[in-house]
Amino acid sequence: MNKLTQYIKTPEQIEKMRVAGRLAAKVLEMIAPYVIKNVTTEELDQLCHNYIVNELNAIPACLGYRGFPKSICTSINHVVCHGIPKDKKLKNGDIVNIDVTVIKDGYHGDTSQMFMVGNVLPVHQKLCTVAQQALYKGIKMVKPGISLRAIGREIEQFAKSHHMSSVRDFCGHGIGSEFHENHFQVLHYDDPNAEHDILLPGLTFTIEPMINLGKHHVRILSDNWTAVTKDKSYSAQYEHTLLVTKTGVEILTLRANEEINL
Ligand code: MF3
Ligand code: CO
Ligand code: CO
């Protein structure tokens, strides 16, 4: 029995997912020129918040989600995910993930990317590239009939082939009127339990691999949100919201300047 069947969207719901996805992508397009040395992550949060609310007439899904205090997540260097924007300046050489989720007309669009501040060490540039390619490898596999296990396996193997690791404690997720669909988890490693989660046309979900230069283990800071690598190695993440079509995949959060050869 394929438990993903219950999450298939109607054509009307899919159209709303397209709109929400496009708006989430627009937030990353908007914020890109502001991600520079000496800006604080709090300032980036404010810019995104105001843009989402005032320009996009949408809702920042993260704000107040399970008590999260800000409208975006900003995860710098050895922070894996869920970094809380604060009054601390970005510095030369930082790598930072900005993760944006918007709600428009009741539906969610969820996407993130890495930004590099000034001169970034080649090894950290490489980390970001591998994280993006890991996402693209996963996206390229998406079509009806493929299992979530195969996607996770591909991503984990790709990270390993670059002597990096794929985080196991966080995953992608089904998404729609709910931010995280309950029984629709997209693990970024080989999980035998995902063997029977078979993709079907009309499903919408995220792939969002977190790749570490060191080991995959994470720990949560005392703010109860910020996830960091246990070994303090740098970490990078990219995320897209996807639609399974009859023949393959549609990337709902594709940015204007982003090119993927599927
Ligand atoms: N956007 C994250 C995801 O990709 C979730 C962030 S939840 C928050 O699933 F509360 F930290 F914002
Ligand atoms: Co997500
Ligand atoms: Co996200």
Side-chain angles (χ1 to χ4, degrees), residues 7 17 20-29 31 41-42 44-46 48-49 52-53 56 58-76 79-86 96-104 107-115 128 131-132 134-135 138-139 142 148 151-152 155 166-188 203-211 218-228 235-244 249 251-255 258:
Y7 298 110
M17 287 299 291
R22 179 85 270 280
L23 296 190
K26 281 181 70 135
V27 179
L28 292 179
E29 292 166 5
I31 203 65
T41 47
E42 201 152 60
L44 296 176
D45 177 71
Q46 257 151 36
C48 289
H49 178 92
I52 293 166
V53 172
L56 303 180
I59 297 166
C62 293
L63 185 61
Y65 178 77
R66 299 184 180 210
F68 192 80
K70 296 289 181 180
S71 294
I72 59 171
C73 298
T74 50
S75 303
I76 305 170
V79 178
V80 172
C81 64
H82 302 165
I84 302 173
K86 59 180 183 184
V96 55
N97 174 278
I98 297 184
D99 193 337
V100 176
T101 310
V102 304
I103 308 172
K104 182 71 171 182
Y107 286 79
H108 292 74
D110 185 6
T111 186
S112 83
Q113 73 170 111
M114 298 303 296
F115 295 92
C128 294
Q132 187 170 41
L135 169 60
I139 291 174
V142 173
L148 290 180
I151 293 171
I155 289 168
S166 183
V167 169
R168 303 171 81 95
D169 293 30
F170 300 97
C171 58
H173 48 93
I175 182 169
S177 59
E178 286 183 89
F179 194 164
H180 299 99
E181 289 173 338
N182 241 329
H183 302 286
F184 191 165
Q185 294 203 337
V186 184
L187 302 179
H188 306 109
L203 290 175
T204 50
F205 67 101
T206 73
I207 301 180
E208 47 183 298
M210 287 139 275
I211 306 297
V218 308
R219 69 184 182 89
I220 309 292
L221 299 187
S222 57
D223 62 19
N224 285 325
W225 277 106
T226 310
V228 300
S235 184
Q237 179 179 29
Y238 283 80
E239 173 176 26
H240 272 312
T241 298
L242 310 166
L243 164 70
V244 186
V249 63
I251 304 170
L252 302 182
T253 47
L254 192 71
R255 294 181 294 281
E258 188 180 7

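First listed ligand is number 1; within each ligand, the first listed atom is number 1.
At a cut-off of 2.8 Å, His173 is counted among the residues with an N, O or S atom near the Co ion (ligand 2).
The CG atom of Asp223 lies 8.0 Å from the NZ atom of Lys86; values are rounded to the nearest 0.5 Å. Going from atom CD of Gln113 over to atom CD of Glu258 covers 7.5 Å, rounded to the nearest 0.5 Å.
The shell of residues lying under 4.0 angstrom from ligand 1, judged by heavy atoms, includes Trp225. Look at Arg66 and you'll find every heavy atom at least 4.0 Å from all atoms of ligand 1. Residue-ligand proximity: Lys70 is placed with every non-hydrogen atom at 4.0 Å or more from ligand 1.
The N, O or S atom of Asp99 lying closest to the Co ion (ligand 3) is OD1.
The closest side-chain donor-acceptor pair between His173 and Glu208 falls under 3.5 angstrom.
Close N/O approach between Asp110 and ligand 1 is found [any backbone or side-chain N/O within under 3.5 Å].
Protein heavy atom at the shortest distance from atom 12 (F) of ligand 1 is Cys62 SG, 2.9 Å. In terms of protein heavy-atom proximity, atom 5 (C) of ligand 1 is nearest to Phe179 CZ, 3.7 Å. With hydrogens left out, the protein atom closest to atom 2 (C) of ligand 1 is Asp99 OD2, 3.4 Å, a heavy atom. Counting protein heavy atoms only, atom 10 (F) of ligand 1 is closest to Phe68 CB, 3.2 Å.
For Glu239 atom OE1 and Asp110 atom OD1, the angle they make at the Co ion (ligand 3) is roughly 90°, to 10 degrees.
Within 6.0 Å of the NZ atom in Lys104, the count of heavy atoms belonging to other residues, nucleotides or ligands exceeds 12.
Shown in contact with Thr101 at under 4.0 Å from a heavy atom are these atoms of ligand 1, numbered in order with element: 1 (N).
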